[in-house]
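On a predicted model such as this, the values are computed, not experimentally measured, just so you know.
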Amino acid sequence: MLEARHLRVLRAVAAAGSYSAAARELGCTQPAVSQQMRALEQSVGTPLLYRAGRETRLTEAGEVLARHGATVLAGLTAAEEEVAAIAGLRAGRVRLVSFPSASSTLLPGAVAALRTEHPGTRVSLVEAQPPGSVELLRAGDCDVALAYRYPASSDSSDGAAPDAAGRSAPAAEWDDLVVRPLLTDRLVGLLPEGHPLATGAEVPFAALADESWIAGCPRCRRHLEDVCGAAGFAPRIDFATDDYPAVVGLVGAGLGVAVLPELAVESVRPKGVALVAVTPQVRREVVALTLPDLGRVPAVAATLDHLAVSAAARAGAPSPTARPGRRAAG
């Protein structure tokens with residue numbers, strides 16, 4: 001098998017015209033050069049060099065190997081430089097998959113900071129809800145997945161076994177992945193303006209038992225059913241959509257009530273809607289996920305760091321429900 005180091009020595013001998021001159025060029029000894037050439041000739045099974053007076057010249061086979069070796073070595077040099085650029089974050093790519101409310105709140109600042117710090121890194125984004133986003137990560141179709149899970153048994157249908165308290169066991173769902181916790185996202189109640197409960201300090205789920213409900217994605221809908229079931233009723237879900245502006249529009253039109261995560265409320269402009277705190281308080285865990293091997297790639301590690309910074313900055317911002325019963329401005 002040909003080795004790059006042997007090809008480099010062959011080209012040095014051809015250019016310098018002798019073993020000793022090639023040794024000086026390569027910064028090694030003449031016996032070392034001679035040994036390398038013997039190993040290369042044994043590998044290819046034919047002489048590659050011959051003496052002509054005081055010069056060492058290439059045989060026909062040596063000329064062929066030196067010509068192809070130049071291409072091979074140029075390719076290796078280019079590969080080494082490209083890998084070094086990726087390792088030094090002067091190049092590289094990161095493929096992101098995210099759920100919509102994180103795409104509009106957590107990602108923009110993180111990606112902007114990454115591009116400012118490492119302008120050679122390319123970032124792409126597609127959207128998917130968990131568990132679909134996690135499946136894309138495991139299939140190798142992305143490098144970082146933003147996902148969430150609710151601390152309730154409704155998530156167990158996605159692969160997480162509930163513990164004795166009915167909460168999803170974290171290790172059961174993502175135990176094969178690198179998990180970077182970002183924040184906990186509280187659910188906020190959405191009521192039409194003028195609703196009798198819109199000005200209350202807190203609204204119990206049980207007080208909404210007779211309302212028409214607008215539900216979200218399948219995972220969010222299962223969780224809503226679990227929370228309402230724990231409050232003693234089954235929600236009458238007349239509308240279901242994973243489009244957050246549509247949820248807000250339906251509530252604003254007086255067609256029902258809903259709960260949305262604070263990230264989702266932050267990503268839309270509610271109109272005709274009152275935001276209220278709901279009890280019992282429910283939060284979902286928002287995380288960034290990657291595969292263990294990808295976690296060691298510099299561009300991926302930098303992306304995780306910037307996502308954590310973006311989430312920490314948002315955690316210090318005022319809550320959309322800082323004032324109970326606040327009516328959202330149009």
Side-chain angles (χ1 to χ4, degrees), residues 82-151 155 158-160 168-185 216-220 242 244 261-264 266-267 283-317:
E82 189 170 344
V83 170
I86 293 172
L89 284 174
R90 300 190 304 276
R93 69 171 187 182
V94 180
R95 299 168 298 165
L96 294 167
V97 60
S98 173
F99 55 97
S101 59
S103 298
S104 60
T105 55
L106 297 179
L107 275 181
V111 173
L114 179 67
R115 282 189 169 179
T116 299
E117 187 173 336
H118 308 292
T121 301
R122 293 177 291 113
V123 182
S124 62
L125 169 67
V126 296
E127 287 191 338
Q129 294 277 2
S133 57
V134 183
E135 292 170 359
L136 289 173
L137 177 63
R138 290 193 174 107
D141 293 327
C142 70
D143 304 308
V144 176
L146 271 73
Y148 62 84
R149 58 185 169 193
Y150 290 102
D155 272 0
D158 296 322
S168 298
E173 189 174 10
W174 298 329
D175 59 348
D176 59 325
L177 304 174
V178 174
V179 181
R180 175 69 71 90
L182 297 179
L183 52 81
T184 55
D185 193 16
C217 69
R219 171 174 278 202
C220 298
D242 58 3
Y244 296 134
E262 286 184 331
L263 284 181
E266 184 179 327
S267 66
R283 297 176 182 269
R284 65 177 182 175
E285 179 188 11
V286 177
V287 302
L289 305 170
T290 192
L291 297 171
D293 288 341
L294 288 175
R296 295 192 291 270
V297 175
V300 172
T303 300
L304 294 177
D305 290 341
H306 283 295
L307 285 169
V309 171
S310 179
R314 188 202 170 276

Heavy-atom pair of closest approach, residues [X] and [Y]:
X: Ala299; Y: Arg93; value: CB-O, 4.3 Å
X: Ala288; Y: Leu304; value: CB-CD2, 3.7 Å
X: Ala311; Y: Leu182; value: CB-O, 3.5 Å
X: Pro181; Y: Val179; value: CD-O, 3.4 Å
X: Glu127; Y: Val97; value: C-CG2, 4.2 Å

Rounded to the nearest 0.5 Å, what separates atom [atom1] in [X] from atom [atom2] in [Y]?
X: Ser101; Y: Glu266; atom1: OG; atom2: CD; answer: 9.5 Å
X: Tyr150; Y: Arg284; atom1: OH; atom2: CZ; answer: 5.0 Å
X: Leu263; Y: Tyr244; atom1: CG; atom2: OH; answer: 8.5 Å

Not counting sequence neighbours, list each pair that qualifies as a side-chain hydrogen bond (donor to acceptor under 3.5 Å, both in side chains) and has a residue in residues 293-311.
Glu117-His306, Arg180-Asp305, Asp293-Arg296

Using a 4.5 Å cut-off on heavy atoms from C-beta on, say whether the side chain of [Y] contacts that of [X].
X: Asp185; Y: Tyr148; value: no
X: Pro131; Y: Arg219; value: yes
X: Thr184; Y: Val286; value: no

After noting the C-alpha distance and the side-chain angles of Val297 and Thr290, does the key distance pass the side chain to side chain contact (heavy atoms under 4.5 Å, CB included) rule?
CA-CA 10 Å; Val297 175; Thr290 192; over 6 Å; no

Exactly one of Thr105, Leu106, Leu107 should register a side-chain contact (heavy atoms from CB on, under 4.5 Å) with Ser98. Which one does?
Leu107

Let me have the donor-acceptor pairs involving side chains of residues 132-147, under 3.5 Å, with sequence neighbours excluded, atom names and distances please.
from	atom 1	to	atom 2	distance (Å)
Arg138	NE	Asp176	OD1	3.4
Arg138	NE	Asp176	OD2	2.8
Arg138	NH2	Glu173	O	2.9
Arg138	NH2	Asp176	OD1	2.8
Asp143	OD1	Arg95	NH2	3.1
Asp143	OD2	Arg95	N	2.7
Asp143	OD2	Arg95	NE	3.3

